[in-house]
Number of protein chains: 2
Amino acid sequence: MDKNELNEEEMQIWHLWKGSFQSIFGRVVKEMSEHTGLSEGDYGVLDRLVIFGNGNLRQQELADSMDWDKSRLSHHLTRMEKRGLVTRKPLETDRGVQVIITSKGKSALDEARPIVAKAIRKYFLDQLTAQDMESITMLAERTKTGVQ
Amino acid sequence: MDKNELNEEEMQIWHLWKGSFQSIFGRVVKEMSEHTGLSEGDYGVLDRLVIFGNGNLRQQELADSMDWDKSRLSHHLTRMEKRGLVTRKPLETDRGVQVIITSKGKSALDEARPIVAKAIRKYFLDQLTAQDMESITMLAERTKTGVQ
DNA sequence: ATAGCATGGTTGACGCGTCAACCACAATAT
DNA sequence: ATATTGTGGTTGACGCGTCAACCATGCTAT
C-alpha cells in the first residue's frame, strides 16, 4: 500500500479518534467552565499549585509540570493574576518567580473539583469498557517518550 | 465509591487519554503546518470543498460538515480569503454564500495531502494494535450521538 | 398590515497559543 | 577584559475560538 496516502479505513480511524476525543473533552471542559468560570488551563494551574507545591510553585516548575512553554504560562498567569486567582512574587535566591494560589483561587478550585470529577465520569469513564482502558494505557505507554 | 471524586486510577486513565491525544495530534498538526503553512482548520476547509463539493460549497453546508458554527467559519474564511486560498461569492437564488477553492488553495491542498498522510501514519496508525482500532471504533460508536 | 420568527451571514471584543524578540543576570570561555 | 552561552522571565503581534449583538430577508400567524 502507498505509504503516502490513507485508505478509507485508515482515514476513518483517524477521524473517529479525533472526533470522539474532541467531543468528550469538549463536553467536560464546557461543563466546568459553565459551572465555575474556570478554563482548562486555569484548573490545571490551580490543581498543580496545591498538589505539587502545597499552594505555591516556582514558575518554571509549574511550566514543566504542565508541559507548557514559559511564554504561554506567563501570558496565562498574567490573566489569572488580573482575576485574583494567583499572585506572583520574585524570589530572593535567584531570578525565579514564585507563583502562589490566592484564597479566591483555592475556593474556585475546591468548587470545581467535584464538578470536573462528575463530568469526567459521565462523559468519559462511564463510556469505557475494560478493554478501552487497557488500550488507552498501552497506547500511552507506547507513545510516551515520543516517536523518533 | 464517591461519585463526586476520582480515584488514582480513574484520574490516571483520564490523563493518559488526554495526554496521548494531545501529543499525537499535536505532532501531526505541527508537521503539516511546518511543511505546508496550512493550519488544521485550513486543511479541513480545503479538503471538504473538493471532497464534498468538487471545489465549492455553500457556507452553511461547509460549517455543518466541519461541525463549526457560522461565526467561527466566517472568521476563518476571512483569513483564508486574505491569503488567497478561497473566494466567496453571494448566491443569486437566496442570501447564501458560495465558498470556492482557488487554484492556489488547490495546490496547497495537493501538496499537503501526502504530508498529512505520512504524519498520521507515523505518529498514529503505526502505533495502533488491532485492539486499539477496535476500541476506538466502539467508543466512537457508543458516544456518537451524545450522552444524555 | 404587522409582529414574530427562522435562515444565513458578519462583526467586535476578548480569552487563548505560538513565535520571535527582548531583558537581566550569572557562569564560562577566549 | 570581553564575548558567549544558559537560565528565567516578559512582551507584542497575530492566528485561532467563542460569545453576543447585529443585519437583511423571507415566511408565518394574528
Side-chain angles (χ1 to χ4, degrees), chain A residues 22-23 25-46 56-100 108, chain B residues 22-23 25-46 56-100 108:
Chain A
Q22 289 175 343
S23 157
F25 190 73
R27 286 176 222 197
V28 170
V29 166
K30 194 167 182 199
E31 195 128 321
M32 170 168 66
S33 77
E34 275 174 358
H35 289 60
T36 71
L38 295 182
S39 71
E40 224 254 317
D42 298 336
Y43 186 84
V45 166
L46 298 177
N56 64 97
L57 278 179
R58 140 191 292 264
Q59 195 162 319
Q60 187 55 55
E61 287 173 32
L62 181 53
D64 289 343
S65 79
M66 304 200 51
D67 206 24
W68 281 11
D69 67 29
K70 56 190 186 168
S71 170
R72 179 174 179 183
L73 181 58
S74 180
H75 281 304
H76 203 94
L77 290 179
T78 299
R79 291 188 296 262
M80 290 183 74
E81 212 170 4
K82 217 170 288 176
R83 292 157 58 208
L85 298 170
V86 297
T87 58
R88 278 190 275 200
K89 197 169 63 127
L91 295 172
E92 292 102 8
T93 54
D94 59 17
R95 280 140 306 298
V97 167
Q98 197 77 3
V99 184
I100 306 150
Chain B
Q22 289 175 342
S23 156
F25 190 73
R27 287 178 222 195
V28 171
V29 166
K30 195 168 182 202
E31 195 126 322
M32 170 168 65
S33 77
E34 274 174 0
H35 289 61
T36 72
L38 295 181
S39 71
E40 223 253 318
D42 297 336
Y43 186 84
V45 166
L46 298 177
N56 64 97
L57 278 179
R58 137 189 294 262
Q59 195 162 319
Q60 187 56 56
E61 286 173 32
L62 180 54
D64 290 343
S65 79
M66 304 200 50
D67 207 24
W68 281 10
D69 67 29
K70 56 189 184 168
S71 170
R72 180 174 180 183
L73 181 59
S74 180
H75 281 304
H76 203 95
L77 290 179
T78 299
R79 292 187 295 262
M80 290 183 73
E81 213 170 2
K82 215 170 291 177
R83 292 158 57 210
L85 298 170
V86 297
T87 58
R88 278 190 275 201
K89 196 169 64 122
L91 294 172
E92 290 103 10
T93 54
D94 60 16
R95 276 137 310 296
V97 167
Q98 198 77 3
V99 183
I100 306 150

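Just so you know, these numbers come straight off a predicted model, no measurement behind them. Proteins get letters first, then strands, A, B, ... in listed order; numbering begins at 1 in each.
When rounded to the nearest whole Å, the span between CG of Leu38(A) and P of dC16(C) equals 10 Å. Separating the CG atom of Leu91(B) from the P atom of dT7(C) is a distance of 17 Å, rounded to the nearest angstrom. The interatomic distance linking Trp68(A) (CH2) with dC19(C) (C1') rounds to 17 Å, in whole Å. Straight-line distance from the CD atom of Gln59(A) to the C1' atom of dT10(D): 9 Å, rounded to whole Å. Put simply, CE on Met32(B) is 14 Å from C1' on dC16(D), counting in whole angstrom units. Here dG15(D) presents its C1' atom at 14 Å from CG of Leu85(B), a figure rounded to the nearest Å. What separates CD of Glu34(B) from C1' of dA20(C) is a distance of 15 Å, to the nearest Å. Here the P atom of nucleotide dC25(C) and the CD atom of Glu92(A) are 15 Å apart, to the nearest Å.
Nearest nucleotide to the Gln60(B) side chain, out of dT25(D), dA24(C), dG9(C): dG9(C).
Between Lys30(A) and Val97(A), the residue anchored closer to the 5' end of DNA chain D is Val97(A), taking for each the nucleotide with the nearest heavy atom. Along DNA chain C, the nucleotide nearest to Gly41(A) and the one nearest to Arg95(A) differ in position, and the one closer to the 5' end is contacted by Gly41(A).
Annotation for Asp67(A): atom CG does not count as buried by contact number, only 12 or fewer foreign heavy atoms lying within 6.0 Å.
Applying the side-chain hydrogen bond (donor to acceptor under 3.5 Å, both in side chains) rule to Gln59(A) yields no partners; only residues at least two apart in sequence or on another chain are considered.
In this structure, the separation between CG on Leu62(A) and CG on Asn56(A) is 10.5 Å, given to the nearest 0.5 Å. The CZ atom of Arg58(A) sits 10.5 Å away from the CG atom of Asp64(A) when rounded to the nearest 0.5 Å.
Screening residues 78-91 of chain B for salt bridge (Lys or Arg N to Asp or Glu O under 4.0 Å) gives Asp42(B)-Arg83(B), Glu81(B)-Arg88(B) as the qualifying pairs, with residues at least two apart or on separate chains.
Between the His35(A) side chain and the Glu31(A) main chain, a donor and an acceptor come within less than 3.5 Å of each other.
If you check residues 70-82 of chain B against DNA chain C, the residues with a heavy atom closer than 4.0 Å are Lys70(B), Ser71(B), Ser74(B), His75(B), listed by number.
A 4.5 Å side-chain heavy-atom check between Val28(B) and Glu40(B) finds every atom pair outside the cut-off.
The residue Arg83(A) sits apart from the nucleic acid: no heavy atom pair falls under 4.0 Å.
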